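Just so we're clear, the structure is a prediction, and the values are computed from it rather than from any experiment.
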Amino acid sequence: NVEVYLNIVRREVFYIIEKPLGYSCLTKDEWNALRALADDRNVVIKKVDKGSGVVVWDRNDYIIEAENQLNETNVYKKIDFKDKMLIDLVEKSKKIFRNLKTMGYISDKNLKYFLYEYKKATNLGKMYLLPKIHKRIQSVPGRPVISNCGMPTEKVSEFLDHHLKPIMQNGTSYIRDTGDFISKIKRIGVIPENSILVSADVVGLYPSIPHESGLVALKEALEKRTTKEIPTSVLIEMTEFVLKNNIFELNGEVFQQLS
């Protein structure tokens with residue numbers, strides 16, 4: 001009965017041995033196995049593209065998938081990288097923020113924040129793939145992600161994210177998450193019986209948007225703002241700086257994203 005069950009639970013709780021802070025629930029052998037896996041250069045460990053799983057990916061398969069995507073010459077091109085390229089980008093980014101300060105759009109404190117990190121902005125972007133095991137588990141496709149942490153474009157991207165996010169969120173096609181989608185579906189009301197429900201998926205959504213077309217669309221959206229805290233021309237210039245200087249490395253080679 002319930003009382004017997006509760007007594008058993010109480011007894012087990014009272015016999016729980018207090019462990020020090022930082023105590024691991026893994027055994028020594030399990031820790032050694034995890035360390036060996038993390039040090040294994042023949043595999044790549046990544047979280048899945050959708051869901052909460054983790055994939056141990058054969059490194060050769062991972063590189064082949066990445067190279068197949070980088071061979072799309074309308075999206076990426078291999079470049080002969082020189083250190084001076086990063087130095088030039090650092091100077092361009094500094095000029096952008098100094099101009100913003102001169103025009104009165106940012107404060108001295110803002111300027112110090114945006115310029116300080118550029119002393120360390122000597123990194124190339126890093127490309128990595130998230131495995132799409134929801135598609136298939138053989139010849140697994142990957143979603144390309146380019147991390148620009150430490151790149152000279154990082155702070156400009158941060159500034160743009162702050163000013164462009166409200167425009168995106170106010171778009172009629174914007175869906176924040178599953179809960180937001182369900183909420184919007186409920187507001188549609190009764191769907192006629194003869195309706196046809198359609199879903200669509202764009203292959204390579206972001207690389208499929210030409211930079212020039214994207215800038216034109218962004219300019220149109222920016223011009224519709226009721227309050228132009230930052231002029232449209234300035235935000236477009238900053239966006240172009242980020243888009244056209246997306247330089248990253250993979251497997252010892254350097255590439256530039258074209259679209």
Side-chain angles (χ1 to χ4, degrees), residues 25 44-57 61-62 65-66 68-69 72 74-76 125-149 153-230 232 235-236 238-240 242-243 246 248 257 259:
C25 60
V44 175
I45 303 172
K46 293 293 179 186
K47 67 180 292 293
V48 295
D49 179 51
K50 296 186 186 299
S52 57
V54 176
V55 168
V56 180
W57 205 341
D61 293 341
Y62 178 87
E65 171 63 15
N68 286 339
Q69 297 196 29
E72 297 182 25
N74 61 319
V75 179
Y76 308 103
K126 308 291 183 184
M127 180 183 182
Y128 62 91
L129 303 178
L130 298 179
K132 296 184 177 183
I133 58 173
H134 59 282
K135 297 284 187 180
R136 58 179 182 268
I137 58 174
Q138 297 293 331
S139 300
V140 178
R143 181 183 301 280
V145 179
I146 299 174
S147 170
N148 280 339
C149 294
T153 58
E154 181 182 8
K155 289 297 181 181
V156 179
S157 297
E158 182 180 347
F159 185 90
L160 286 169
D161 181 69
H162 173 75
H163 288 279
L164 301 185
K165 185 176 290 184
I167 297 175
M168 175 192 69
Q169 293 174 339
N170 290 330
T172 55
S173 62
Y174 173 75
I175 298 176
R176 183 183 64 252
D177 51 28
T178 302
D180 187 36
F181 173 73
I182 293 173
S183 176
K184 288 179 177 177
I185 287 293
K186 289 179 178 179
R187 292 200 296 269
I188 292 177
V190 178
I191 300 176
E193 291 185 3
N194 61 347
S195 298
I196 299 176
L197 303 182
V198 178
S199 64
D201 183 31
V202 180
V203 177
L205 175 60
Y206 294 117
S208 300
I209 304 173
H211 286 168
E212 296 305 326
S213 299
L215 289 169
V216 169
L218 176 60
K219 183 177 180 180
E220 291 179 1
L222 289 170
E223 285 298 302
K224 294 177 182 178
R225 292 176 295 165
T226 54
T227 303
K228 296 181 175 63
E229 182 182 351
I230 306 293
T232 296
L235 293 174
I236 290 296
M238 297 178 77
T239 304
E240 189 170 10
V242 173
L243 288 176
N246 195 6
F248 61 93
Q257 186 170 352
S259 67

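- In terms of the side chain to side chain contact (heavy atoms under 4.5 Å, CB included) criterion, residue partners of Ser259 (sequence neighbours excluded) are, by chain and number, Val75.
- Residues Tyr128 and Tyr62 come closest through the heavy atom pair CA-OH, 3.2 Å.
- Here the closest non-hydrogen pair linking Gly142 and Leu129 is CA-CB, 4.3 Å.
- Among all heavy-atom pairs drawn from Asp177 and Asp180, the shortest one is OD1-N, 2.8 Å.
- At distances below 3.5 Å, not a single donor-acceptor pair connects side-chain atoms of Gln257 with backbone N or O atoms of Asn246.
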Could you list the donor-acceptor pairs under 3.5 angstrom formed by side chains in residues 159-175, with sequence neighbours left out?
residue, atom, partner, partner atom, Å
Asn170, ND2, Pro166, O, 3.0

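- By the ring-ring contact (aromatic ring centres under 6.0 Å, His included) test, His211 is found to be paired with no residue, residues two or more places apart in sequence or in another chain being considered.
- At a threshold of 4.5 Å between non-hydrogen side-chain atoms, the residues Leu130 and Val145 count as touching.
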Output a table of donor-acceptor pairs, distance under 3.5 Å, between side-chain atoms of residues 191-206 and any protein atom two or more places apart or on a different chain; print 'none' if there are none.
residue, atom, partner, partner atom, Å
Ser195, OG, Pro192, O, 2.9

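- Counting all heavy atoms, side chain and backbone alike, Pro141 lies closest to Glu65 at CA-OE2, 3.6 Å.
- Of all the heavy atoms in Thr239 and Leu235, the pair that sits closest is OG1-O, 2.7 Å.
- For residues 44-57, the pairs satisfying side chain to side chain donor-acceptor pair (under 3.5 Å) are Asp49-Arg143, with sequence neighbours left out.
- In this structure Val54 satisfies the side chain to side chain contact (heavy atoms under 4.5 Å, CB included) test together with Ile45, sequence neighbours excluded.
- By the 4.5 Å heavy-atom criterion applied to side chains, Leu215 and Leu243 are counted as neighbours.
- Of the residues Glu220, Lys219, Lys224, Glu223, the one that meets the side chain to side chain donor-acceptor pair (under 3.5 Å) test with Thr232 is Glu223.
- Looking at Ser183, its side chain never comes within 3.5 Å of a backbone N or O of Gly179 through a donor-acceptor pair.
- In plain terms, the two heavy atoms of Met127 and Pro144 that are nearest each other are CE-CB, 3.6 Å.
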